[in-house]
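Contents: one structure, followed by commentary.
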Amino acid sequence: MQYMCLIYASESTGPQHGSPEFGPYMQAYQEFTAKAQEAGVLIAGEALQPVVTASTVTTENGKPEIMDGPFAETKEQLGGYYLLECANLDEALKYAAMIPTTRHGRVEVRPIMTFD
Amino acid sequence: MLPPYSLEQAIENIVREEWGRILASIAKTLGDLQLAEDSLQDAVEAALKDWQKNGLPNSPPAWLITTARRKALDRIRRSNRFTRKRTELAYLIALEHRSPDLVDPVSIPDKRLEMIFTCCHPALAEKTRIALTLRTVGGLTTDEIAAAFLDTPTAMAQRLVRAKKKIRLANIPYEIPDKEALPTRLRGVLSVIYLIFNEGYAASSGPSLTRVGLTDEAIRLARIMAHLVPDQTEVQGLLALMLLHDSRRLARVDRAGRMIALEFQDRKRWDKSKITEGISILKSALQQQQVGPYQIQASISALHVEVPDWGDTDWPQIAALYNLLHTIQPSPVVRINQAMAVSYAVSLDAAILMLDEIAAGHDVSSYKAYHVARADMLARMGQIELSKQLLEQAISLCDNATERDFLNAKFLALYP
(Lines give C-alpha, C1' and ligand atoms only; values in the text may rest on other atoms or scores of the structure.)
Protein backbone atom coordinates (compact mmCIF):
# COMPACT_ATOMS: atom_id res chain seq x y z
CA MET A 1 0.00 0.00 0.00
CA GLN A 2 1.26 3.48 -0.85
CA TYR A 3 1.56 6.29 1.64
CA MET A 4 2.33 9.93 0.95
CA CYS A 5 4.48 11.62 3.55
CA LEU A 6 3.99 15.38 3.31
CA ILE A 7 6.75 17.31 5.03
CA TYR A 8 5.69 20.55 6.71
CA ALA A 9 7.86 23.05 8.54
CA SER A 10 8.26 26.74 9.05
CA GLU A 11 10.92 27.92 6.63
CA SER A 12 12.50 30.17 9.24
CA THR A 13 13.04 27.40 11.81
CA GLY A 14 15.30 24.40 11.43
CA PRO A 15 18.78 24.34 9.90
CA GLN A 16 19.21 27.23 7.46
CA HIS A 17 21.19 27.11 4.24
CA GLY A 18 24.77 28.26 4.94
CA SER A 19 24.62 27.51 8.67
CA PRO A 20 26.89 24.84 10.21
CA GLU A 21 23.84 22.67 10.95
CA PHE A 22 22.76 22.57 7.32
CA GLY A 23 25.39 20.05 6.16
CA PRO A 24 24.52 17.38 8.74
CA TYR A 25 20.79 18.04 8.06
CA MET A 26 21.21 17.29 4.34
CA GLN A 27 23.41 14.33 5.24
CA ALA A 28 20.56 12.98 7.41
CA TYR A 29 18.20 13.28 4.44
CA GLN A 30 20.60 11.36 2.23
CA GLU A 31 20.89 8.64 4.85
CA PHE A 32 17.11 8.40 5.23
CA THR A 33 16.59 8.20 1.46
CA ALA A 34 19.25 5.49 1.19
CA LYS A 35 17.68 3.55 4.04
CA ALA A 36 14.19 3.71 2.53
CA GLN A 37 15.59 2.70 -0.85
CA GLU A 38 17.50 -0.24 0.60
CA ALA A 39 14.41 -1.46 2.43
CA GLY A 40 12.48 -1.28 -0.83
CA VAL A 41 9.85 1.14 0.46
CA LEU A 42 10.91 4.24 -1.49
CA ILE A 43 8.85 5.08 -4.57
CA ALA A 44 9.67 8.77 -4.88
CA GLY A 45 10.75 11.74 -2.84
CA GLU A 46 11.54 15.36 -3.62
CA ALA A 47 12.19 18.64 -1.89
CA LEU A 48 10.31 21.74 -3.01
CA GLN A 49 11.67 25.23 -3.69
CA PRO A 50 10.76 27.77 -0.98
CA VAL A 51 7.19 28.99 -0.66
CA VAL A 52 8.04 32.38 -2.27
CA THR A 53 8.16 30.47 -5.55
CA ALA A 54 4.60 29.12 -5.15
CA SER A 55 1.77 30.04 -7.51
CA THR A 56 -1.80 28.92 -6.94
CA VAL A 57 -4.27 28.28 -9.75
CA THR A 58 -8.04 27.95 -9.82
CA THR A 59 -10.45 28.19 -12.75
CA GLU A 60 -13.50 30.40 -12.93
CA ASN A 61 -15.85 29.47 -15.81
CA GLY A 62 -12.99 27.65 -17.49
CA LYS A 63 -10.67 30.62 -17.18
CA PRO A 64 -7.55 30.14 -15.06
CA GLU A 65 -7.11 32.49 -12.15
CA ILE A 66 -3.59 32.65 -10.90
CA MET A 67 -2.49 33.87 -7.51
CA ASP A 68 0.92 34.55 -6.10
CA GLY A 69 1.73 32.43 -3.05
CA PRO A 70 0.77 29.08 -1.50
CA PHE A 71 -2.69 27.57 -1.14
CA ALA A 72 -2.89 28.78 2.45
CA GLU A 73 -0.76 31.28 4.35
CA THR A 74 0.23 29.21 7.34
CA LYS A 75 3.28 29.23 9.56
CA GLU A 76 4.25 25.75 8.47
CA GLN A 77 4.45 25.10 4.75
CA LEU A 78 4.81 22.05 2.56
CA GLY A 79 8.52 21.67 1.85
CA GLY A 80 8.77 18.22 0.27
CA TYR A 81 7.40 14.72 0.18
CA TYR A 82 8.18 11.03 0.15
CA LEU A 83 5.96 8.45 -1.51
CA LEU A 84 6.46 5.11 0.26
CA GLU A 85 5.27 1.56 -0.33
CA CYS A 86 4.55 0.03 3.07
CA ALA A 87 2.71 -2.99 4.46
CA ASN A 88 0.51 -0.92 6.74
CA LEU A 89 0.19 2.39 8.57
CA ASP A 90 2.54 1.27 11.33
CA GLU A 91 5.36 0.75 8.87
CA ALA A 92 4.63 4.06 7.13
CA LEU A 93 4.64 5.89 10.46
CA LYS A 94 7.89 4.21 11.43
CA TYR A 95 9.58 5.59 8.30
CA ALA A 96 7.87 8.98 8.58
CA ALA A 97 9.33 9.37 12.05
CA MET A 98 12.82 8.97 10.57
CA ILE A 99 12.42 11.97 8.23
CA PRO A 100 14.89 14.58 9.55
CA THR A 101 12.39 17.47 9.42
CA THR A 102 10.27 15.78 12.14
CA ARG A 103 12.78 17.24 14.61
CA HIS A 104 11.51 20.78 13.99
CA GLY A 105 8.47 20.29 11.75
CA ARG A 106 5.74 17.75 11.08
CA VAL A 107 5.05 15.03 8.56
CA GLU A 108 1.50 14.24 7.50
CA VAL A 109 1.00 10.64 6.39
CA ARG A 110 -1.86 9.89 4.03
CA PRO A 111 -2.73 6.65 2.24
CA ILE A 112 -2.94 6.89 -1.54
CA MET A 113 -6.42 6.25 -2.90
CA THR A 114 -6.76 3.24 -5.16
CA PHE A 115 -9.52 2.90 -7.73
CA ASP A 116 -10.78 -0.54 -8.59
CA MET B 1 -38.25 -23.33 39.23
CA LEU B 2 -35.79 -20.88 37.74
CA PRO B 3 -36.23 -17.19 38.52
CA PRO B 4 -38.02 -15.20 35.81
CA TYR B 5 -35.37 -14.30 33.30
CA SER B 6 -36.44 -13.23 29.87
CA LEU B 7 -34.96 -14.73 26.76
CA GLU B 8 -34.19 -11.24 25.49
CA GLN B 9 -32.13 -10.63 28.59
CA ALA B 10 -30.34 -13.93 28.17
CA ILE B 11 -29.59 -13.10 24.54
CA GLU B 12 -28.44 -9.63 25.48
CA ASN B 13 -26.03 -11.06 28.07
CA ILE B 14 -24.64 -13.64 25.67
CA VAL B 15 -24.13 -11.01 22.98
CA ARG B 16 -22.44 -8.64 25.41
CA GLU B 17 -20.12 -11.37 26.68
CA GLU B 18 -19.22 -12.78 23.28
CA TRP B 19 -19.33 -9.60 21.17
CA GLY B 20 -15.65 -8.68 21.41
CA ARG B 21 -14.30 -12.16 20.72
CA ILE B 22 -16.60 -12.82 17.77
CA LEU B 23 -16.17 -9.36 16.29
CA ALA B 24 -12.37 -9.57 16.55
CA SER B 25 -12.37 -12.93 14.83
CA ILE B 26 -14.56 -11.83 11.90
CA ALA B 27 -12.76 -8.49 11.59
CA LYS B 28 -9.46 -10.35 11.27
CA THR B 29 -10.91 -12.53 8.49
CA LEU B 30 -12.53 -9.65 6.63
CA GLY B 31 -9.92 -6.99 7.27
CA ASP B 32 -12.79 -4.57 7.63
CA LEU B 33 -14.11 -3.58 11.04
CA GLN B 34 -17.21 -1.82 9.78
CA LEU B 35 -18.27 -4.78 7.63
CA ALA B 36 -17.56 -7.15 10.52
CA GLU B 37 -19.61 -5.07 12.93
CA ASP B 38 -22.54 -4.71 10.53
CA SER B 39 -22.53 -8.45 9.86
CA LEU B 40 -22.42 -9.30 13.54
CA GLN B 41 -25.25 -6.87 14.18
CA ASP B 42 -27.26 -8.68 11.45
CA ALA B 43 -26.49 -11.98 13.16
CA VAL B 44 -27.64 -10.66 16.52
CA GLU B 45 -30.94 -9.54 15.01
CA ALA B 46 -31.35 -12.95 13.38
CA ALA B 47 -30.57 -14.58 16.74
CA LEU B 48 -33.34 -12.66 18.47
CA LYS B 49 -35.86 -14.07 15.98
CA ASP B 50 -34.46 -17.59 15.65
CA TRP B 51 -33.72 -18.26 19.31
CA GLN B 52 -37.10 -17.04 20.44
CA LYS B 53 -38.72 -19.46 18.02
CA ASN B 54 -36.38 -22.45 18.30
CA GLY B 55 -34.79 -21.95 21.67
CA LEU B 56 -31.12 -21.34 22.44
CA PRO B 57 -28.71 -23.27 20.19
CA ASN B 58 -26.15 -25.69 21.62
CA SER B 59 -23.45 -23.08 21.34
CA PRO B 60 -24.72 -19.51 20.97
CA PRO B 61 -21.24 -18.13 20.15
CA ALA B 62 -20.77 -20.68 17.37
CA TRP B 63 -24.23 -19.88 16.04
CA LEU B 64 -23.46 -16.15 16.08
CA ILE B 65 -20.10 -16.48 14.35
CA THR B 66 -21.43 -18.75 11.61
CA THR B 67 -24.40 -16.50 10.99
CA ALA B 68 -22.22 -13.37 11.04
CA ARG B 69 -19.97 -14.92 8.38
CA ARG B 70 -23.00 -15.67 6.20
CA LYS B 71 -24.28 -12.16 6.68
CA ALA B 72 -20.87 -10.80 5.69
CA LEU B 73 -21.00 -12.91 2.55
CA ASP B 74 -24.45 -11.48 1.74
CA ARG B 75 -23.20 -7.98 2.30
CA ILE B 76 -20.14 -8.47 0.09
CA ARG B 77 -22.25 -10.03 -2.67
CA ARG B 78 -24.65 -7.10 -2.54
CA SER B 79 -21.95 -4.45 -2.49
CA ASN B 80 -19.72 -3.30 -5.31
CA ARG B 81 -16.65 -4.50 -3.46
CA PHE B 82 -17.09 -7.88 -5.07
CA THR B 83 -13.75 -7.98 -6.85
CA ARG B 84 -11.70 -6.35 -4.16
CA LYS B 85 -12.87 -8.82 -1.54
CA ARG B 86 -12.17 -11.91 -3.66
CA THR B 87 -9.93 -13.67 -1.13
CA GLU B 88 -12.22 -12.99 1.80
CA LEU B 89 -15.14 -14.18 -0.31
CA ALA B 90 -13.52 -17.50 -1.14
CA TYR B 91 -12.79 -18.08 2.51
CA LEU B 92 -16.32 -17.25 3.56
CA ILE B 93 -17.85 -19.48 0.89
CA ALA B 94 -15.73 -22.34 2.18
CA LEU B 95 -17.09 -21.74 5.66
CA GLU B 96 -20.67 -21.13 4.60
CA HIS B 97 -21.83 -24.71 4.29
CA ARG B 98 -20.63 -25.78 7.67
CA SER B 99 -23.27 -26.31 10.30
CA PRO B 100 -22.97 -24.04 13.31
CA ASP B 101 -22.75 -27.10 15.54
CA LEU B 102 -19.52 -28.07 13.82
CA VAL B 103 -17.88 -24.83 14.83
CA ASP B 104 -16.18 -25.36 18.13
CA PRO B 105 -16.36 -22.05 20.00
CA VAL B 106 -13.16 -22.88 21.84
CA SER B 107 -11.39 -23.11 18.48
CA ILE B 108 -12.46 -19.58 17.48
CA PRO B 109 -9.10 -17.86 17.60
CA ASP B 110 -9.06 -15.08 20.15
CA LYS B 111 -8.11 -11.96 18.22
CA ARG B 112 -9.27 -9.50 20.83
CA LEU B 113 -5.76 -8.42 21.68
CA GLU B 114 -5.06 -7.51 18.05
CA MET B 115 -8.34 -5.59 17.97
CA ILE B 116 -7.58 -3.73 21.21
CA PHE B 117 -4.27 -2.59 19.76
CA THR B 118 -6.05 -1.41 16.61
CA CYS B 119 -8.71 0.48 18.59
CA CYS B 120 -6.10 2.13 20.80
CA HIS B 121 -3.83 3.05 17.89
CA PRO B 122 -2.03 6.36 18.40
CA ALA B 123 -3.17 7.49 14.92
CA LEU B 124 -6.70 7.80 16.36
CA ALA B 125 -7.80 10.65 18.65
CA GLU B 126 -7.93 9.79 22.34
CA LYS B 127 -11.70 10.08 22.64
CA THR B 128 -12.09 7.93 19.54
CA ARG B 129 -9.81 5.26 21.04
CA ILE B 130 -11.95 5.12 24.17
CA ALA B 131 -15.24 5.01 22.26
CA LEU B 132 -14.02 2.43 19.78
CA THR B 133 -12.66 0.15 22.52
CA LEU B 134 -15.97 0.30 24.37
CA ARG B 135 -17.88 -0.45 21.17
CA THR B 136 -15.77 -3.21 19.66
CA VAL B 137 -14.15 -4.95 22.61
CA GLY B 138 -16.66 -4.09 25.32
CA GLY B 139 -19.75 -4.56 23.18
CA LEU B 140 -21.44 -1.39 24.45
CA THR B 141 -23.98 0.12 22.09
CA THR B 142 -23.33 3.46 20.40
CA ASP B 143 -26.16 4.97 22.48
CA GLU B 144 -24.59 3.76 25.71
CA ILE B 145 -21.23 5.22 24.75
CA ALA B 146 -22.84 8.49 23.69
CA ALA B 147 -24.56 8.69 27.08
CA ALA B 148 -21.25 8.05 28.84
CA PHE B 149 -19.64 10.95 27.00
CA LEU B 150 -22.73 13.15 27.25
CA ASP B 151 -22.66 13.22 23.45
CA THR B 152 -25.54 12.85 21.03
CA PRO B 153 -25.92 9.33 19.58
CA THR B 154 -25.54 10.82 16.08
CA ALA B 155 -22.24 12.52 16.89
CA MET B 156 -20.92 9.36 18.54
CA ALA B 157 -22.07 7.19 15.62
CA GLN B 158 -20.28 9.52 13.19
CA ARG B 159 -17.10 9.43 15.28
CA LEU B 160 -17.13 5.62 15.23
CA VAL B 161 -17.87 5.40 11.51
CA ARG B 162 -15.03 7.83 10.71
CA ALA B 163 -12.64 5.86 12.90
CA LYS B 164 -13.47 2.54 11.23
CA LYS B 165 -13.10 4.20 7.84
CA LYS B 166 -9.66 5.46 8.79
CA ILE B 167 -8.63 2.03 10.07
CA ARG B 168 -9.65 0.48 6.75
CA LEU B 169 -8.35 3.11 4.34
CA ALA B 170 -5.08 3.89 6.11
CA ASN B 171 -4.60 0.18 6.79
CA ILE B 172 -4.07 0.35 10.51
CA PRO B 173 -3.06 -3.28 11.08
CA TYR B 174 -4.81 -5.89 13.25
CA GLU B 175 -1.60 -6.99 14.80
CA ILE B 176 0.14 -7.27 18.08
CA PRO B 177 2.90 -4.65 17.75
CA ASP B 178 6.45 -5.91 17.38
CA LYS B 179 8.74 -6.19 20.38
CA GLU B 180 10.19 -2.74 19.78
CA ALA B 181 6.84 -0.95 19.72
CA LEU B 182 5.01 -3.16 22.24
CA PRO B 183 5.86 -1.37 25.52
CA THR B 184 4.70 2.03 24.21
CA ARG B 185 1.60 0.63 22.54
CA LEU B 186 0.67 -1.41 25.62
CA ARG B 187 0.97 1.74 27.74
CA GLY B 188 -1.43 3.36 25.26
CA VAL B 189 -3.98 0.55 25.70
CA LEU B 190 -3.72 0.65 29.49
CA SER B 191 -4.14 4.41 29.48
CA VAL B 192 -7.34 4.06 27.43
CA ILE B 193 -8.69 1.54 29.95
CA TYR B 194 -7.73 3.78 32.87
CA LEU B 195 -9.38 6.79 31.18
CA ILE B 196 -12.58 4.75 30.83
CA PHE B 197 -12.36 3.93 34.53
CA ASN B 198 -11.74 7.53 35.56
CA GLU B 199 -14.57 8.75 33.37
CA GLY B 200 -16.89 6.49 35.33
CA TYR B 201 -15.21 7.08 38.68
CA ALA B 202 -15.39 10.87 38.50
CA ALA B 203 -19.00 10.73 37.33
CA SER B 204 -20.09 8.24 39.96
CA SER B 205 -20.19 11.09 42.44
CA GLY B 206 -21.76 13.57 40.04
CA PRO B 207 -25.27 14.02 38.76
CA SER B 208 -24.85 11.58 35.87
CA LEU B 209 -24.95 8.25 37.67
CA THR B 210 -25.42 6.50 34.33
CA ARG B 211 -21.68 6.54 33.89
CA VAL B 212 -21.03 4.22 36.84
CA GLY B 213 -21.10 1.31 34.38
CA LEU B 214 -17.84 2.56 32.92
CA THR B 215 -15.83 1.62 36.01
CA ASP B 216 -17.12 -1.96 35.75
CA GLU B 217 -16.45 -1.97 32.03
CA ALA B 218 -12.87 -0.77 32.53
CA ILE B 219 -12.30 -3.51 35.09
CA ARG B 220 -13.74 -6.07 32.67
CA LEU B 221 -11.42 -4.83 29.88
CA ALA B 222 -8.43 -5.03 32.23
CA ARG B 223 -9.41 -8.60 33.13
CA ILE B 224 -9.50 -9.47 29.42
CA MET B 225 -6.07 -7.88 28.95
CA ALA B 226 -4.68 -9.68 32.01
CA HIS B 227 -5.92 -12.93 30.50
CA LEU B 228 -4.44 -12.15 27.06
CA VAL B 229 -1.04 -10.86 28.21
CA PRO B 230 -0.41 -12.56 31.54
CA ASP B 231 3.32 -11.78 31.43
CA GLN B 232 2.86 -8.00 31.47
CA THR B 233 2.82 -7.01 35.13
CA GLU B 234 1.58 -3.47 34.49
CA VAL B 235 -1.70 -4.92 33.19
CA GLN B 236 -2.17 -6.66 36.53
CA GLY B 237 -1.03 -3.46 38.25
CA LEU B 238 -3.76 -1.50 36.51
CA LEU B 239 -6.39 -4.13 37.28
CA ALA B 240 -5.38 -4.11 40.95
CA LEU B 241 -5.35 -0.30 41.05
CA MET B 242 -8.87 -0.08 39.64
CA LEU B 243 -10.24 -2.79 41.97
CA LEU B 244 -8.73 -1.04 44.99
CA HIS B 245 -10.07 2.36 43.96
CA ASP B 246 -13.45 0.90 43.17
CA SER B 247 -13.62 -0.86 46.55
CA ARG B 248 -14.27 2.58 48.06
CA ARG B 249 -17.05 3.47 45.63
CA LEU B 250 -19.93 3.32 48.13
CA ALA B 251 -18.02 5.17 50.84
CA ARG B 252 -16.92 8.04 48.59
CA VAL B 253 -20.26 9.83 48.53
CA ASP B 254 -22.85 10.54 51.21
CA ARG B 255 -26.60 10.13 50.79
CA ALA B 256 -26.88 13.62 49.30
CA GLY B 257 -24.29 12.73 46.65
CA ARG B 258 -21.54 14.80 48.30
CA MET B 259 -17.94 13.63 48.10
CA ILE B 260 -16.37 12.34 51.31
CA ALA B 261 -12.60 12.66 51.81
CA LEU B 262 -10.68 9.43 52.41
CA GLU B 263 -10.00 10.55 55.98
CA PHE B 264 -13.71 10.61 56.84
CA GLN B 265 -14.95 7.62 54.88
CA ASP B 266 -16.77 4.82 56.71
CA ARG B 267 -14.28 2.02 56.14
CA LYS B 268 -16.91 -0.60 56.90
CA ARG B 269 -18.56 0.36 53.63
CA TRP B 270 -15.47 -0.53 51.60
CA ASP B 271 -15.90 -3.62 49.43
CA LYS B 272 -13.80 -6.32 51.13
CA SER B 273 -13.91 -8.75 48.22
CA LYS B 274 -12.54 -6.15 45.80
CA ILE B 275 -9.79 -5.25 48.29
CA THR B 276 -8.82 -8.90 48.74
CA GLU B 277 -8.79 -9.54 45.00
CA GLY B 278 -6.92 -6.32 44.22
CA ILE B 279 -4.23 -7.00 46.79
CA SER B 280 -3.77 -10.60 45.70
CA ILE B 281 -3.38 -9.55 42.02
CA LEU B 282 -0.96 -6.80 43.06
CA LYS B 283 1.13 -9.21 45.13
CA SER B 284 1.54 -11.68 42.31
CA ALA B 285 2.47 -8.82 39.94
CA LEU B 286 5.06 -7.39 42.33
CA GLN B 287 6.68 -10.82 42.65
CA GLN B 288 7.70 -10.62 38.98
CA GLN B 289 9.87 -7.62 39.86
CA GLN B 290 9.00 -5.54 36.81
CA VAL B 291 7.70 -2.53 38.62
CA GLY B 292 5.82 0.23 36.78
CA PRO B 293 3.60 3.25 37.50
CA TYR B 294 0.34 1.29 37.83
CA GLN B 295 1.83 -1.20 40.28
CA ILE B 296 3.23 1.66 42.38
CA GLN B 297 -0.11 3.48 42.41
CA ALA B 298 -1.87 0.23 43.29
CA SER B 299 0.62 -0.29 46.14
CA ILE B 300 -0.20 3.19 47.47
CA SER B 301 -3.91 2.44 47.21
CA ALA B 302 -3.37 -0.88 48.97
CA LEU B 303 -1.61 0.85 51.89
CA HIS B 304 -4.70 3.03 52.29
CA VAL B 305 -7.29 0.27 52.17
CA GLU B 306 -5.36 -2.27 54.26
CA VAL B 307 -5.51 -0.31 57.50
CA PRO B 308 -8.65 -0.18 59.67
CA ASP B 309 -8.28 3.49 60.54
CA TRP B 310 -6.98 6.70 58.94
CA GLY B 311 -4.67 7.13 61.96
CA ASP B 312 -2.91 3.84 61.15
CA THR B 313 -1.90 4.89 57.62
CA ASP B 314 1.73 4.08 56.83
CA TRP B 315 2.68 7.56 55.59
CA PRO B 316 6.48 7.04 55.40
CA GLN B 317 5.90 4.08 53.07
CA ILE B 318 3.39 6.06 50.96
CA ALA B 319 5.80 9.02 50.72
CA ALA B 320 8.55 6.62 49.58
CA LEU B 321 6.29 5.10 46.92
CA TYR B 322 5.37 8.54 45.57
CA ASN B 323 9.07 9.32 45.44
CA LEU B 324 9.65 6.15 43.40
CA LEU B 325 6.69 6.99 41.15
CA HIS B 326 8.13 10.44 40.59
CA THR B 327 11.47 9.02 39.44
CA ILE B 328 9.73 6.80 36.86
CA GLN B 329 7.00 9.23 35.85
CA PRO B 330 7.85 12.77 36.96
CA SER B 331 4.90 15.15 37.23
CA PRO B 332 3.85 17.99 39.53
CA VAL B 333 0.72 16.02 40.55
CA VAL B 334 2.83 13.15 41.84
CA ARG B 335 5.06 15.64 43.72
CA ILE B 336 2.01 17.29 45.32
CA ASN B 337 0.72 13.90 46.49
CA GLN B 338 4.17 13.08 47.81
CA ALA B 339 4.22 16.38 49.72
CA MET B 340 0.87 15.49 51.31
CA ALA B 341 2.30 12.16 52.45
CA VAL B 342 5.43 13.91 53.74
CA SER B 343 3.23 16.32 55.72
CA TYR B 344 2.05 13.33 57.77
CA ALA B 345 5.21 11.21 57.61
CA VAL B 346 7.84 13.88 58.34
CA SER B 347 6.59 17.37 59.08
CA LEU B 348 4.42 20.16 57.73
CA ASP B 349 7.51 22.33 57.25
CA ALA B 350 9.17 19.72 55.06
CA ALA B 351 5.99 19.38 53.02
CA ILE B 352 5.61 23.14 52.51
CA LEU B 353 9.21 23.23 51.34
CA MET B 354 8.39 20.62 48.69
CA LEU B 355 5.42 22.69 47.51
CA ASP B 356 7.71 25.75 47.30
CA GLU B 357 10.02 23.75 45.05
CA ILE B 358 7.10 22.80 42.77
CA ALA B 359 6.02 26.46 42.60
CA ALA B 360 9.56 27.48 41.67
CA GLY B 361 9.62 25.08 38.73
CA HIS B 362 6.04 25.41 37.43
CA ASP B 363 3.37 28.02 37.02
CA VAL B 364 0.98 26.88 39.72
CA SER B 365 -1.43 29.85 39.62
CA SER B 366 -4.15 27.82 37.91
CA TYR B 367 -3.20 24.53 39.60
CA LYS B 368 -6.14 23.44 41.74
CA ALA B 369 -4.45 20.44 43.40
CA TYR B 370 -1.54 22.65 44.46
CA HIS B 371 -3.78 25.22 46.16
CA VAL B 372 -5.85 22.55 47.90
CA ALA B 373 -2.75 20.79 49.25
CA ARG B 374 -1.16 24.02 50.44
CA ALA B 375 -4.42 25.22 51.99
CA ASP B 376 -4.73 21.92 53.86
CA MET B 377 -1.20 22.17 55.22
CA LEU B 378 -1.51 25.83 56.21
CA ALA B 379 -4.78 25.12 58.04
CA ARG B 380 -3.05 22.35 59.98
CA MET B 381 -0.31 24.86 60.85
CA GLY B 382 -2.94 27.24 62.20
CA GLN B 383 -2.59 29.77 59.38
CA ILE B 384 -6.31 29.90 58.73
CA GLU B 385 -6.42 33.22 56.88
CA LEU B 386 -3.86 32.18 54.25
CA SER B 387 -5.47 28.77 53.94
CA LYS B 388 -8.84 30.38 53.32
CA GLN B 389 -7.44 32.50 50.48
CA LEU B 390 -5.93 29.46 48.75
CA LEU B 391 -9.13 27.46 49.05
CA GLU B 392 -11.08 30.33 47.53
CA GLN B 393 -8.63 30.30 44.63
CA ALA B 394 -9.06 26.53 44.22
CA ILE B 395 -12.85 26.83 44.30
CA SER B 396 -12.73 29.43 41.54
CA LEU B 397 -10.81 26.92 39.40
CA CYS B 398 -13.39 24.14 39.81
CA ASP B 399 -15.48 23.13 36.83
CA ASN B 400 -17.13 20.15 38.51
CA ALA B 401 -20.10 20.85 40.80
CA THR B 402 -19.45 17.95 43.20
CA GLU B 403 -15.84 18.93 43.67
CA ARG B 404 -16.77 22.57 44.22
CA ASP B 405 -19.27 21.52 46.90
CA PHE B 406 -16.56 19.39 48.48
CA LEU B 407 -14.12 22.31 48.65
CA ASN B 408 -16.85 24.65 49.87
CA ALA B 409 -17.58 22.24 52.73
CA LYS B 410 -13.87 22.15 53.55
CA PHE B 411 -13.87 25.93 53.46
CA LEU B 412 -16.82 26.16 55.85
CA ALA B 413 -15.14 23.75 58.23
CA LEU B 414 -12.16 26.10 58.39
CA TYR B 415 -14.21 29.22 58.58
CA PRO B 416 -17.62 28.56 60.04
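Throughout, a chain's letter reflects where its sequence line sits, starting with A, and its residues are numbered from 1. What you see is a predicted model, and the numbers here were worked out from it, not measured in a lab.
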- request: Select one option (side chain, backbone, both, neither) describing which atoms of A:Ala92 are under 4.5 Å from chain B's heavy atoms.
  value: neither
Atom pair [atom1] ([X]) and [atom2] ([Y]), whose distance is rounded to the nearest 0.5 Å:
X	Y	atom1	atom2	value
B:Thr118	A:Leu89	OG1	CG	11.0 Å
B:Ile172	A:Asp90	CD1	CG	8.0 Å
A:Ile112	B:Leu169	CD1	CG	12.5 Å

message: Is B:Ala123 in contact with chain A via its backbone, its side chain, both, or neither, using a 4.5 Å heavy-atom distance?
response: side chain
message: Could you tell me if the side chain of A:Leu93 sits less than 4.5 Å from the side chain of B:His121, heavy atoms only?
response: yes
Is [X] atom [atom1] crowded by more than 12 heavy atoms from other residues, nucleotides or ligands, each under 6.0 Å away?
X	atom1	value
B:Asp231	CG	yes
A:Phe22	CZ	yes
A:Lys35	NZ	no

message: Tell me whether B:Asp178 is salt-bridged to A:Lys94, with the criterion being a basic N under 4.0 Å from an acidic carboxylate O.
response: no
query: Do any N or O atoms from the side chain of B:Asn171 and from the backbone of A:Met1 form a donor-acceptor pair under 3.5 angstrom?
result: no
message: Minimum heavy-atom separation for B:Ala170 and A:Pro111, please, with both atom names.
response: CA-CG, 3.5 Å
